[in-house]
Amino acid sequence: MKTNILFCILFCNLLLSGCIDESVCKVSDRKPLKEYHIALVLPLDAKGQSRWTSVINWALNSINQALVDQEQIIIKPEWYNENDSNIEQLFKNLANRDDVYAIIGPLYSRNAIIAAHQCAVTRKSLLPVLASSELMMREFSRQGFLWCLTENDISQCEILLTRASQKGAKSVSLFACNDNYGDTFMDWFAFQATELGLDIDNLVRYDKASLSEQMESLLRTQTDCIICIPSDTLDTRQMINCRNRVSNANPFLLFSDVAFLTEPDETLEGMEGIAQTHDPESGFNTAYKVHYGKELEFGCAHFYDAVLLTGLAVLDAHLTETTDINASLRRIVDGNGEDMNGCSEEAIYQIVKQMKRGVYPRLSGASGQLRFDRTVYTNVIHSVYCHWIIYNGKYLILEYNTSDGSRRTNAFAANWNWKATRMQNFSQESELKYPEQKGLYALIVASSSGWENYRHQADAYAFYQLLQENGLDDDHILLIAEDDIAFNSRNPQQGVVMVTQQGENVYDNICIDYNPSKFTFEGLKALLYGEGVGAFCSGNTDNLIVYWVGHGEPQGLKWLEKLVPVNVVAEMFSEMAKENRFRKLLFILETCYAGRVGECCKEIPGLLCLTAANGDETSKVSNHSEYLHTWLSNSFTDALFEQLLQNDSQSLYKLYNKVYNRTIGSHVSVYNAEYFDNLYNSSINEFIYTPH
């Protein structure tokens, strides 16, 4: 009894000092502790030292108290500064150390990408907490080592736009940093704004050198709201300084979560935004105030939970005699026992006792439910968000929201417009007269090159295979592709190209006519106009299907690195129509901002343009291969193939309807239907099957 009392007194004294020393437990009836090391990589400037070390030490003390007392093990932290110059070498060293069981951090997305690349090699457990950019999630999902304690920033983008709508905005602009963090918002902003019925004015990617100039220009526009995505706190202050300099600025500003790291002062008065935060139902905020005598700061709840999860995973690995921390983390977040919140020493003590009996509770923490998607285990399923404003020099939280549909506020739910309400309507009255179809020709263009653009050529080859299987011979197909992926040095299966995991080789029996590097867009126009040797001819009794896949910008389509202006593409088809070089033309465009080309194709007789995205959106990738370390297809094309492979004689409207609802992240759009035909009566078959 005396030994236990002595142990408790010594232990409590150490808790007050903010750290645990294993010598505390080396008393007469206890054997030496077994140490498990974890690494913590965070910004350790003066502010970071105060913010992160305090809450992490609190979490470590709480978990270690239970681990030492019940299992004679202890978690030893190793601290590293995220601001060190050679961050890549740091993560490489940590990822290869067998005595480091997990890494918590870093804070910023740009560093999380570096960390993830190094940890992927050894499958070292990585908990980047707040760094949940969509790019990282997509690239490293399903690899089993990445554990983000926040949702993907797609949800944050949605909530920012919803908040703008609630504040009365009818039009919105995006001002995003030119880095990994900004990529997610740039990719999803236009799609989600359209879903919410908001007009899109400007999409601006800034770099630090020209931030002020670009920001002040945007502040002088008539847009209602600017969604600001700063790279760091310095950029945040610079944006606010711009707002303060521009008198009578029309737009109001809403900031993403990085801005919530900025120390408030009088110059930031009135700044507001959205941030992922603690769950107000967890009681963590009150406990933090009692523990430290101050308000809870941004990120603290998530770092507390990262330590909680890591500590319990170390316990599980110890109990099961394994070194696979990722497997232990999966068992913990999949727990189906009673609901338990780990925000107190007492609760953690009970959780540890249950785990020793082989029972895993449904765990929640300071940031909410610690539940992960069981297919990828990359991000928590739901996060809690707060709408904050700086008032009287302090952060004031106005409202909490969660991305869990059952817990959204009424105001939040009322502003959400379902995707179906954004679908286009077409006339069912007009039917244009066309001569009988006698032939079918196809032009397939993959306008990019390089292993990182694997998906473009893969989709082009798959389209070629589809047409050949439906009876179209090579004399009627013009295929343009760089042909640099099938035998690329990075391809472990030489001569094999796939659009799905374990799929068929779509490179088999491919006949490529031209490479973009050796053939110009002007040369393509000459072929389509029927000029020169090897001209690709069709006439007014022949249908023509054009499938173009590659990169696009608001100004036009990319032909490798050269930009082909949107009006030039449209003029090519307009000239073909004037010369009766097709009966009907179906132009399928799989690029970012494809709608810009579609807009220019209006009033061209006999042409229908079907695009992967509207004029303000990026198109999205699909089917990532961990084996090949690249994307195999695109979301729109993936959905399109799914329909075309059904051999269903469906109308073009039915095709549009199904592909629209199947495509994630962009709005599939149709252009020039009134100059084409009745989409409800026109069949897709006249563009993919050779007429008999």
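Values below: all heavy atoms of this structure, side chains included; hydrogens, waters and symmetry mates excluded.
Here the CE-CG distance, from Met271 to Leu254, works out to 11.0 Å after rounding to the nearest 0.5 Å. We find the CG-CG distance between Leu370 and Leu149 to be 6.5 Å, quoted to the nearest 0.5 Å. Atoms CG and CZ, on Leu126 and Phe91 in that order, are 7.0 Å from each other to the nearest 0.5 Å. To the nearest 0.5 Å, the span separating CG on Leu218 from CE on Met239 amounts to 10.0 Å. Rounded to the nearest 0.5 angstrom, Leu174 CG and Leu160 CG are separated by 9.5 Å. For the atom pair CG (Asn634) and CG (Asn623), the distance works out to 9.5 Å, reported to the nearest 0.5 Å.
Looking at Asp235 and Tyr206, their side chains do bring a donor and an acceptor atom within 3.5 Å of each other. With 3.5 Å as the limit, one finds a donor-acceptor pair spanning the side chains of Asn341 and Ser364. No hydrogens or angles considered: nothing links the side chains of Gln276 and His302 as a donor-acceptor pair under 3.5 Å. With hydrogens and angles left out, the side-chain atoms of Asp187 and Thr618 include a donor and acceptor closer than 3.5 Å. Side-chain N/O atoms of Thr223 and Ser173 include a donor and acceptor closer than 3.5 Å. Side chain to side chain, Glu195 and His667 meet the donor-acceptor criterion of an N or O pair below 3.5 Å. If you check the side chains of Glu78 and His37, you find a donor sitting under 3.5 Å from an acceptor. The closest side-chain donor-acceptor pair between Asp324 and Thr322, if any, does not fall under 3.5 angstrom. For the 3.5 Å distance criterion, the side chains of Ser165 and Lys167 fail to qualify, holding no donor opposite an acceptor. Under the 3.5 Å distance criterion, with hydrogens and angles disregarded, no donor-acceptor pair is assigned to the side chains of Asp279 and Ser367. With no hydrogens or angles considered, a side-chain donor-acceptor pair links Glu617 and Asn614 at under 3.5 Å. In the model, Asn83 has no side-chain atom that pairs as donor or acceptor with a side-chain atom of Tyr108 under 3.5 Å. Looking only at atom types and distance, the side chain of Ser256 has a donor-acceptor partner in the side chain of Tyr181 under 3.5 Å away. A donor-acceptor pair shorter than 3.5 Å cannot be found between the side chains of Thr184 and Asp153.
Heavy-atom neighbours of Lys208 NZ from other residues, nucleotides or ligands within 6.0 Å: above the threshold of 12. Within a 6.0 Å sphere centred on NZ of Lys394, other residues, nucleotides and ligands contribute 12 heavy atoms or fewer.
Put simply, the side chain of Thr262 gets close to the backbone of Ala259: a donor and an acceptor are under 3.5 Å apart. Without hydrogens or angle criteria, Asn111 side chain to Pro106 main chain gives no donor-acceptor distance under 3.5 Å. Checking side-chain atoms of Arg331 against main-chain N and O of Tyr360 turns up no donor-acceptor pair under 3.5 Å. With hydrogens and angles disregarded, no donor-acceptor distance shorter than 3.5 Å links the side chain of Asp69 to the backbone of Gln65. Ser171 places a side-chain N or O within donor-acceptor distance of the main-chain N or O of Asp224, the cut-off being under 3.5 Å. Between the side chain of Asn81 and the main chain of Leu44, a donor-acceptor pair closer than 3.5 Å is present. Side-chain atoms of Gln192 come within 3.5 Å of backbone N or O of Ile154 as a donor-acceptor pair. Judged by distance alone, with hydrogens and angles left aside, the side-chain atoms of Lys124 form a donor-acceptor pair with the main-chain N or O of Val100 at under 3.5 Å. With hydrogens and angles ignored, the 3.5 Å screen pairs a side-chain donor or acceptor of Arg123 with a backbone N or O of Ala120.
Counting only heavy atoms from C-beta outward, the side chains of His278 and Tyr304 never approach each other to under 4.5 Å. The side-chain heavy atoms of Phe303 and Leu42, taken from C-beta on, include a pair separated by under 4.5 Å. The shortest distance between side-chain heavy atoms of Leu90 and Ile87 falls below 4.5 Å. Contact check for Leu161 versus Leu198: side-chain heavy atoms found under the 4.5 Å cut-off. Contact check for Leu219 versus Ile226: side-chain heavy atoms found under the 4.5 Å cut-off. Within the 4.5 Å cutoff, the side chain of Phe175 has heavy atoms near those of the Gln214 side chain. Counting heavy atoms from C-beta outward, Trp631 and Lys620 have side chains that stay 4.5 Å or more apart. Counting only heavy atoms from C-beta outward, the side chains of Glu269 and Ile240 never approach each other to under 4.5 Å.
Checked against the 6.0 Å centroid threshold, Phe185 and Phe189 do not count as a close aromatic pair. Within the 6.0 Å centre-distance limit, the rings of Phe284 and Trp58 are counted as a close aromatic pair. Between Phe298 and Trp388, the distance from one ring center to the other does not fall under 6.0 angstrom.
The heavy-atom pair separating Pro43 from Glu82 by the smallest distance is CD-OE1, 3.1 Å. Considering all non-hydrogen atoms of both residues, Gly335 and Arg371 come closest at O-NH1, 2.8 Å. For the residue pair Asp616 and Ala190, the shortest heavy atom distance occurs at O-CB, 3.0 Å. The nearest pair of heavy atoms linking Pro280 to Val384 is CD-CG1, 3.9 Å. Pro264 and Tyr395 get closest at one heavy-atom pair: CD-CE1, 3.7 Å. Shown here for Phe252 and Ala169, the closest heavy-atom pair between the two residues is CZ-CB, 4.0 Å.
Between Phe191 and Trp188, the ring planes are perpendicular. Angles over 60° get that label, and only those under 30° would be called parallel.
Taking a cutoff of 4.0 Å between a charged side-chain nitrogen and a carboxylate oxygen, Asp316 and Arg330 do not qualify as a salt bridge. Look at Asp638 and Arg662 and you find a salt bridge, because one of the NZ, NE, NH1 or NH2 atoms lies within 4.0 Å of a carboxylate O, short of that distance. Ion pairing between Asp265 and Arg237 holds under the 4.0 Å rule for side-chain N and carboxylate O. For Arg163 and Glu399, the salt-bridge test passes: some basic side-chain N is under 4.0 Å from an acidic carboxylate O. Salt-bridge annotation for Glu71 and Lys356: present, with a side-chain N of the basic residue lying under 4.0 Å from a carboxylate O of the acidic one.
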Pair Cys148-Leu127, side chain to side chain contact (heavy atoms under 4.5 Å, CB included): steps then yes or no: CA-CA 6 Å; Cys148 298; Leu127 293 84; over 6 Å; no

Evaluate the criterion side chain to side chain contact (heavy atoms under 4.5 Å, CB included) for residue pair Met355 and Leu312; output intermediate values, then yes/no. CA-CA 9 Å; Met355 287 178 57; Leu312 295 177; 3.9 Å; yes

CA sep, side-chain torsions, deciding dist, call: Thr150, Asp257, side chain to side chain contact (heavy atoms under 4.5 Å, CB included): CA-CA 11 Å; Thr150 57; Asp257 55 9; over 6 Å; no

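Here Asp334 pairs with Arg374 under the salt bridge (Lys or Arg N to Asp or Glu O under 4.0 Å) rule; sequence neighbours left out.
A side chain to side chain donor-acceptor pair (under 3.5 Å) with Trp147 is found for exactly one of Thr310, Thr378, Asn326, namely Asn326.
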